[in-house]
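Along the sequence shown, residues carry numbers from 1.
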Amino acid sequence: MLGKLMKYDMKYMARILPWLYLGGIGFSALVTTFILVINNGTVLFLGAYAAYFLFLIAVEGIAVCSSIFMMVRIYRNMFSDEGYLTFTLPVKNGDVLNSKILTGAIWTFFSGIVALIMIALPIGAAIYKVPKLLEADDVSIGMMIESLIQEFSVGLAGNEVKLIIFLVLTVVLIVISAFFAPAFYSFCCAITHKIKRARAFASVAIFIGVSYALGLIISISTVFIEIFSEYYMYGDEGFSAITPTAMIYDASEMSAYFGLRLNIMIIDLLVIGAIMAVITVVSWIVSNRIVNKKLNLL
């Protein structure tokens, strides 16, 4: 029955979100075409700078609209008057909840892919176009690109395992993030389901408030991780005493610099992933318990 429930939930979400995704990709394609067509470096720079803010709004809009649509589906189908009908279906209440969380995770994952495509298209066009514009202006960047590649290769030496760990943790965090929003919002709806008035507002307020607090905690923790990591690596002098430019001439320093950055990013991913995983699991457990044993929509 879980599969049938997910089928209906997927169809409901598919009424709007694919069109939203197509609109976002279409906007990205227009920006990409602009980058490829313009042959004047100044015009390209000014146009790209002007489109930058609109582009950020578009990418953020995809994520926000997807989340809102998912939240509306969860609330209406389970915790509004429609919930009376939903929970009379010959299925377990837990399956209804699991269907919402799984479909929400799937559409969140799709939204992430769309956002990546929207970002990748203009970046790829810029990587292709900018060197040609610079060469047309008799400004060679070949040596600069070769230098950057060489610096990356030198810095990566000895840090290959850390890079693999970072990539694996990134994928794991993406998966956790996909489940976080639907599971946590289900929790917010479940714990406010007995409120007589403004029930939907209360659930959204808790979701936004806790999400903001979580973001603040994560930001503070990453700052402390950065400070302690640099202090551990460079002592009282601090990281500012040694710049990446100076490291170019010292392979060991460059490798140490890359290692430090990877260490910081790995610790950040572990902290963020652990926090989000705990909240996701606890949210699912509490929501599942409420919809199975304590749900009362009267």
Side-chain angles (χ1 to χ4, degrees), residues 5-6 8-21 23-24 56-87 93-94 96-112 114-115 174 176-219 272 275-292 294-298:
L5 289 171
M6 289 184 63
Y8 287 111
D9 286 331
M10 291 292 290
K11 285 184 177 181
Y12 178 90
M13 303 286 281
R15 294 188 304 174
I16 295 179
L17 291 184
W19 301 106
L20 186 67
Y21 296 159
L56 286 181
I57 293 173
V59 173
E60 187 66 23
I62 294 290
V64 171
C65 290
S66 299
S67 297
I68 290 176
F69 201 55
M70 175 267 299
M71 292 162 68
V72 169
R73 176 60 175 172
I74 291 174
Y75 176 78
R76 282 186 177 178
N77 194 240
M78 294 181 64
F79 300 99
S80 69
D81 292 341
E82 188 178 326
Y84 290 106
L85 177 61
T86 299
F87 290 114
N93 290 0
V96 176
L97 172 66
N98 293 336
S99 174
K100 300 296 183 293
I101 293 177
L102 288 172
T103 53
I106 291 172
W107 283 107
T108 301
F109 183 74
F110 285 162
S111 300
V114 171
I174 291 173
I176 295 174
S177 300
F179 284 91
F180 172 80
F184 183 59
Y185 183 66
S186 297
F187 167 81
C188 295
C189 288
I191 63 174
T192 59
H193 77 278
K194 290 186 178 181
I195 295 178
K196 300 300 182 182
R197 296 181 180 179
R199 184 187 303 165
F201 176 80
S203 64
V204 172
I206 293 174
F207 179 83
I208 294 176
V210 175
S211 297
Y212 177 81
L214 178 61
L216 184 62
I217 291 172
I218 290 175
S219 298
I272 296 171
I275 293 174
M276 295 184 70
V278 170
I279 294 177
T280 301
V281 172
V282 171
S283 297
W284 176 80
I285 292 174
V286 174
S287 301
N288 193 61
R289 180 175 177 81
I290 290 176
V291 300
N292 279 305
K294 297 184 178 181
L295 188 63
N296 182 5
L297 298 178
L298 294 179

Test side-chain contact (heavy atoms from CB on, under 4.5 Å) on Met13 and Ile106; report intermediate values, then the result.
CA-CA 10 Å; Met13 303 286 281; Ile106 291 172; over 6 Å; no
When Asn292, Val286, Ile285 are each screened for side chain to side chain contact (heavy atoms under 4.5 Å, CB included) with Asn288, the one that passes is Asn292
Fit a plane to each ring of Phe110 and Trp107, take the angle between them on a 0 to 90° scale, and name the class: parallel (under 30°), tilted (30 to 60°) or perpendicular (over 60°).
perpendicular
The test is side-chain contact (heavy atoms from CB on, under 4.5 Å); show your working for Phe180 and Leu214 and say whether it passes.
CA-CA 12 Å; Phe180 172 80; Leu214 178 61; 3.7 Å; yes
About how many Å separate CG of Asn77 and OH of Tyr12, when rounded to the nearest 0.5 Å?
8.5 Å
Taking every non-hydrogen atom, the tightest pair across Ala183 and Ser283
O-CB, 3.4 Å
Say you draw a straight line from CD1 of Ile176 to CD1 of Ile275; how long is it, rounded to the nearest 0.5 Å?
11.0 Å
Are Arg73 and Phe69 in a cation-pi contact, defined as NZ or CZ under 6.0 Å from the six-membered ring centre and within 45° of the axis?
no
Nearest-0.5 Å distance, CG of residue Asn93 to OG of residue Ser287:
12.5 Å
Within the supplied structure, the quantity of interest is the number of heavy atoms (other residues, nucleotides, ligands) at a distance under 6.0 Å from Phe109 CZ; does it exceed 12?
no
Looking at every heavy atom in both Ile279 and Phe184, which two are closest together, and how far apart are they?
CG2-CD1, 3.8 Å
For the residue pair Arg15 and Trp19, what are the closest heavy atoms and their distance?
O-CD1, 3.4 Å
Drop me the distance from Ser111's OG to Met70's CE, to the nearest 0.5 angstrom.
9.0 Å
CD1 of Ile191 to CD1 of Ile206, rounded to nearest 0.5 Å, is 4.0 Å
Check the pair Thr192, Tyr75 against side-chain contact (heavy atoms from CB on, under 4.5 Å), reporting the backbone distance first and the verdict last.
CA-CA 11 Å; Thr192 59; Tyr75 176 78; over 6 Å; no
Can you tell me how far CD1 of Ile68 sits from CD1 of Ile16, rounded to the nearest 0.5 angstrom?
11.5 Å
Would you name the heavy atoms of Trp284 and Leu97 that are closest together and state the gap between them?
O-CD2, 4.2 Å
Ser203 versus Cys188, closest heavy-atom pair with distance
O-CB, 3.5 Å
Inspect the surroundings of CZ in Arg76 and state if more than 12 heavy atoms from other residues, nucleotides or ligands are less than 6.0 Å away.
no
For Met71 and Tyr185, which heavy atoms make the closest approach, and how far apart are they?
O-CE2, 3.2 Å
